[in-house]
There are 2 protein chains.
Amino acid sequence: MPTPDRTSLAAIVEAGRAILEATGPSGVTMQAVAARVGVRAPSLYKRVRDRDALLAEVVQATADDLTARLERTDGGLAEIAAAYRRFAREQPEGFRLLFTASAPPDALRDAAVPVLRACEALVGADEALDAARLFTAWATGFLQMELSGAFRLGGDVDAAFDYATQRIIRALTT
Amino acid sequence: MPTPDRTSLAAIVEAGRAILEATGPSGVTMQAVAARVGVRAPSLYKRVRDRDALLAEVVQATADDLTARLERTDGGLAEIAAAYRRFAREQPEGFRLLFTASAPPDALRDAAVPVLRACEALVGADEALDAARLFTAWATGFLQMELSGAFRLGGDVDAAFDYATQRIIRALTT
DNA sequence: ACCTGAACACCGTTCAAGT
DNA sequence: ACCTGAACACCGTTCAAGT
């Protein structure tokens, strides 16, 4: 006789995200996730193939979250950059995981759309892809360096972010 | 009576780098490294505190390698960018590890010097730090995206690299 | 002084047995 | 149909015993 389900994929993924931010990737063990959703570790295998698949679900949920934030901007590169930075600071571990082997190949496909739109408005359709790659690479690299504490030579990191945002937008405007 | 050493820290680090490139970070187990240097896993703890310390040594050796390559360029940003890309393609796993929690905080301090020099020549001392952060963030982000297969929207990735290199140098020249 | 086997803790994963 | 305890393989790490 079937008993009512005691958890769900969505609950498992949310638990994974919460534990990820609290402890980093190594803390996202099957046992920790299971405990948080009120179940034993082997039960998770009814909803996810293995730990890698669970992490991939966490990454996809994080990427969808990011996409929603970028879509909520005014669509300009400056606001997109600011929203991207806010996101990375709120969910540093999730942000990092986005660019890891744990990430499913197309996780960020939707998130690229608003960036492409903004770039097409600046440089036209022909150069939009190259421009989007320039902008995305810079923003992603900057945030990863900021989060990993790589900016250790002093100076104002907020000012460096604004400096680069303006120079890049100008480089894509002329 | 002391017996002659059967391995060394340098040999252990080199073994770690080789295994890293062959198998990724998860393959760098104490047993795999020990086997490669001809010793049992517990012996490694005579030279390195724990696995994290071993990975930190691997990162530092990789960073020093990168510094040497950048110093061997003509000192211009275009050549630095090209050398950085060659390095990332030759040692993708080591390159990735550079921007991970495994990296010791100051691992890339020396590698930043040639970039700062190149930027100072373009924008002057006042803006050199901001400019170096712009360039480094872009290059690092671009290479990580390229290596992780994040460029999935078609187009010529080599051309995108050149496009961005030129736009960024121009943005830092005017 | 370095090296090792044995042991322990911890984790991912499988599976037969429960409801 | 989902859930669980028990079991297994694997890994990091410690330590007493060897040389």
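We name chains A, B, ... by the order of the sequence lines, and we start the count at 1 in each one. Bear in mind the structure is a predicted one, so any value in this text is a computation, not a measurement.
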Checklist entry - Got more than 12 heavy atoms from elsewhere within 6.0 Å of CG, B:D158? => result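 Buried by this count: over 12 neighbours within 6.0 Å.
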Item to check | Cluster link A:V157 to B:L116, ILVMFWY, side chain under 4.5 Å | outcome: no
Item to check | hydrophobic_cluster_shared for B:V115 and B:V123, side chain cutoff 4.5 Å | outcome: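 In one cluster: yes.
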Next on the checklist: Under a plain distance cut-off of 3.5 Å, with no hydrogens placed, do A:Q166 and A:D162 share a side-chain donor-acceptor pair?
Outcome noted: no
Item to check | A:Q31 versus A:R40, side-chain donor and acceptor atoms under 3.5 Å | outcome: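 A:Q31 and A:R40 do not have a side-chain donor-acceptor pair below 3.5 Å.
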Checklist outcome for this item: Here the residues of residues 30-46 of chain B within 4.0 Å heavy-atom distance, strictly under, of DNA chain D are B:M30, B:Q31, B:P42, B:Y45
Checklist entry - What is the distance from atom CD of B:Q60 to atom CD of B:E57, rounded to the nearest 0.5 Å? => result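 That separation rounds to 8.0 Å.
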Checklist entry - To the nearest 0.5 Å, what is the distance between CZ (A:R85) and CZ (A:R89)? => result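 Going from the CZ atom of A:R85 to the CZ atom of A:R89 covers 4.0 Å.
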Checklist entry - Would you say C:dG12 has OP1 or OP2 under 4.0 Å from some side-chain N or O of A:R51? => result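 Checking A:R51 against C:dG12: at least one side-chain N or O falls below 4.0 Å of OP1 or OP2.
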Item to check | Selection residues 91-132 of chain B - residue pairs positive for ring pair (Phe, Tyr, Trp, His ring centres under 6.0 Å), sequence neighbours left out | outcome: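 For residues 91-132 of chain B, and leaving out neighbouring residues, the ring pair (Phe, Tyr, Trp, His ring centres under 6.0 Å) pairs sorted by first residue read B:Y84-B:F95, B:F95-B:F99.
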Checklist entry - Rounded to whole angstrom units, what separation is found between the CD1 atom of B:I12 and the C1' atom of C:dC3? => result 12 Å
Next on the checklist: Measuring from the side chain of B:R47 (C-beta onward, heavy atoms only), which nucleotide among D:dC2, D:dC3, C:dC2 has the closest atom?
Outcome noted: C:dC2
Checklist entry - Which part of the nucleic acid, if any, lies within contact of B:T7, taking any heavy atom under 4.0 Å across all strands shown: a base, the sugar-phosphate backbone alone, or nothing? => result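 The residue B:T7 makes sugar-phosphate contact but no base contact.
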Checklist entry - Checking all strands, does B:S26 fall into the base, sugar-phosphate, or nothing category for heavy-atom contacts under 4.0 angstrom? => result nothing
Next on the checklist: If a pair means Watson-Crick or G-U wobble with both distances below 3.5 Å, what does DNA chain D look like in dot-bracket form, with | marking bases paired to a different strand?
Outcome noted: ||.|||||...|||||.||
